[in-house]
Amino acid sequence: MKVLDLDIPGRLWLGTARYSSPMVLADALAVDGIGFVTVSLRRQNPGDRSGDQFWDLVKKANKPVLPNTAGCHSAEEAINLALMAREIFATPWIKLEVIGDDYTLAPDPFALVEAATELTKQGFHVLPYCTDDLILGQKLLDAGCPALMPWGAPIGTGGGLANPRALAAYRNKFHHVPCIVDAGIGAPSQACEAMEMGFDAVLLNTAVAKAGDPVLMAKAFSNAIQAGNDAYRAGLMTPSDVAVPSTPVVGMPFWHQEPV
Amino acid sequence: MKLNGSTVAIIGAGLLGRLFAWRLSEAGAVVSVFEKDSEQANTAAAFTAAGMVSPLSEVAVGGKKLFDLGERSLTLWQQWLGEDAEQVEWQANGSLILAHGQDLPLLQQFTRDAEYQGVGQDHWQRLTPIELANIEPQLNNRFANAIYAKGEAALNGRKLLPWLANKLSQVNWHWSTPINDLEALQADFDLVIDCRGKGAKGIRGVRGEVMHVHAPDVTLKHPLRLMHPRYHIYVVPRENHHFVIGATELESEDRGAMTVRSTLELASALYSIHPGFGEGRIVEMDANLRPATPDNMPVVSQQDNLLTVNGLYRHGYLLAPAVIADVLSMVTELQQPWFYKEAL
């Protein structure tokens, strides 16, 4: 898939937090089908380069890196962190996250638009983590975002697609831009469901990082996402309320049918 | 090689260095320890660690291999300390794993992870609120979700480390003596053990922060682990209503003072366990670096008569005795432990 002119090697976008060791993380990142790899600068004192050993491991995975502004509560904070991230990772890409409230970790739509506008002006390619509100999506596109990342469910809940109808409407309205379901995905079946709806990718972290075997779980997600994407491109059948036999019954002798 | 009568140089007087000195002396070796800092500097990670020996609490992230090393260490600590256990505040009457109501999924995940790693329910006991109140009276009515990990232990590293240095009078302690020429040392001694921790090649530091609190209103008899979405938070009771709470875990080699945010996170965890902590005094804040390998597992490697032992990470007190026992049988019986690697 592509966002702007960047080829992204896969549709499973993976976060890098909460793995049991850097080696497990590196092994998970080596799984087929992984696209952007997100990194959070917030808690690692990036200013003094003291976490360089960890960043080097992430860079070695040879995936496009998507720094994020996780943990920011205002547009100003997010903009500052994005500027720092651009310096450290030498990339104009940023996953914009501005949290509106600490209990639900819900995105703050107003601060998002403000920060996206400013960061785009400064040359960033902003991928916003947002709610599934259609008007917000439109305003973010107006601000210059090249793709949208509506939530599946609140961060870390593993709840799956909390509002599939809203996401279907979202996909439908923004059919012309890449849309990625971000956060709340707990099981491969949920990621597959998002892909069947036509989303371009799924971004997740905890479900893989905290699995008993994170590498195997990354494979499971990658396969499910591939399946969902194949199914969407193949064209899903339309469900029907009544049974429709898949073989013609016209030629069947009447005494072979169940009594009516 | 035989340990009895052989000369051994140990580099680094942290937990591993001192325990090696102890065990090798007991085996009849002539031991010299070289430490770059002074005896009073106390810079080793082991001075910051809370001193938990908790195999079950760590199994979810460390896996079965770590759990097994930890179980063996529990036994070895008891054997080695024997009647001196009290001197280092050794307590082995189990620990409690607690979760607040809204963190219940974390506790469920924890037990599921332990079972996934092959450590089944016979290793712990789910507690009803009444059972919890019997084991830890001051937690009465505070936690509906608790697990009792029988046999888990803790000790006070700040007592153990000086105790070892004082007790081992036959060891030649060379304080403030950094080692730059390994080869010269290898020529002078039968065996050289390098346990310098952070700073070795291939080892990264992982920042951890702890707080020491004096809370006269709080009495706890067991070390606690509180489920938290980001950290492994332990509260270890020490003598006279002193408590150590830690630790944060940050992929950073910054050894600077504790941050406001970490202080808030640890303090609010503490306060949420018992309001009596609210009036407690913060006696000290400490930050240090854990020496870690890329897979966060311990490692031993060998080049001629030089052994390098490192990477005990968050698990110094949990792993050190078993790691040392395995390394010593590697020396005497040429059995390589699973954490042997060609090079660090």
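So that the names make sense, note that chain A is the first sequence line, chain B the second, and so on, each numbered from 1. Please read all numbers here as calculations on a predicted model, not as lab measurements.
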Student: Should the heavy atoms of other residues, nucleotides or ligands under 6.0 Å from OH of B:Y271 be counted, would the total exceed 12?
Tutor: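 No, because the 6.0 Å sphere around OH of B:Y271 holds 12 heavy atoms or fewer from other groups.
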Student: CD of B:E284: more than 12 outside heavy atoms within 6.0 angstrom?
Tutor: yes
Student: What are the two closest non-hydrogen atoms of A:K210 and B:Q109, and how far apart are they?
Tutor: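 Smallest interatomic distance, heavy atoms only, reads O-NE2, 3.4 Å.
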Student: Quick one: pull up OG in A:S20 and CD in B:E58 and give me the separation to the nearest 0.5 Å.
Tutor: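 Separation between the atoms: 11.5 Å.
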Student: Check each atom of B:Q102 against the heavy atoms of chain A and say whether the ones under 4.5 Å are side chain, backbone, both or neither.
Tutor: neither
Student: So, for A:G212 and B:Q117, which heavy atoms are closest and what is the spacing to 0.1 Å?
Tutor: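 Here A:G212 and B:Q117 meet closest at O-NE2, 3.9 Å.
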Student: Where on B:I203 is there a heavy atom nearer than 4.5 Å to chain A: the side chain, the backbone, both, or neither?
Tutor: backbone
Student: With a cut-off of 6.0 Å (strictly less than), are more than 12 heavy atoms of other residues, nucleotides or ligands near CD of B:Q125?
Tutor: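 More than 12 within 6.0 Å, yes.
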Student: With a 4.5 angstrom heavy-atom cut-off, is it the side chain or the backbone of A:D213 that approaches chain B, or both, or neither?
Tutor: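 Contact with chain B involves both backbone and side-chain atoms of A:D213.
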Student: In this structure, are over 12 heavy atoms from other groups packed under 6.0 Å from A:D32 atom CG?
Tutor: no
Student: A quick test of your reading: do over 12 heavy atoms of other residues, nucleotides or ligands sit less than 6.0 Å from NZ of A:K219?
Tutor: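 Not more than 12 within 6.0 Å, no.
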Student: What part of B:D113 is in contact with chain A, defined as an atom under 4.5 angstrom from a non-hydrogen atom: side chain, backbone, both or neither?
Tutor: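 B:D113 touches chain A through side-chain heavy atoms alone.
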Student: A:S21 and side chain to side chain contact (heavy atoms under 4.5 Å, CB included): which partner among B:T293, B:V61, B:D295?
Tutor: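 Per the side chain to side chain contact (heavy atoms under 4.5 Å, CB included) rule, the option paired with A:S21 is B:D295, out of B:T293, B:V61, B:D295.
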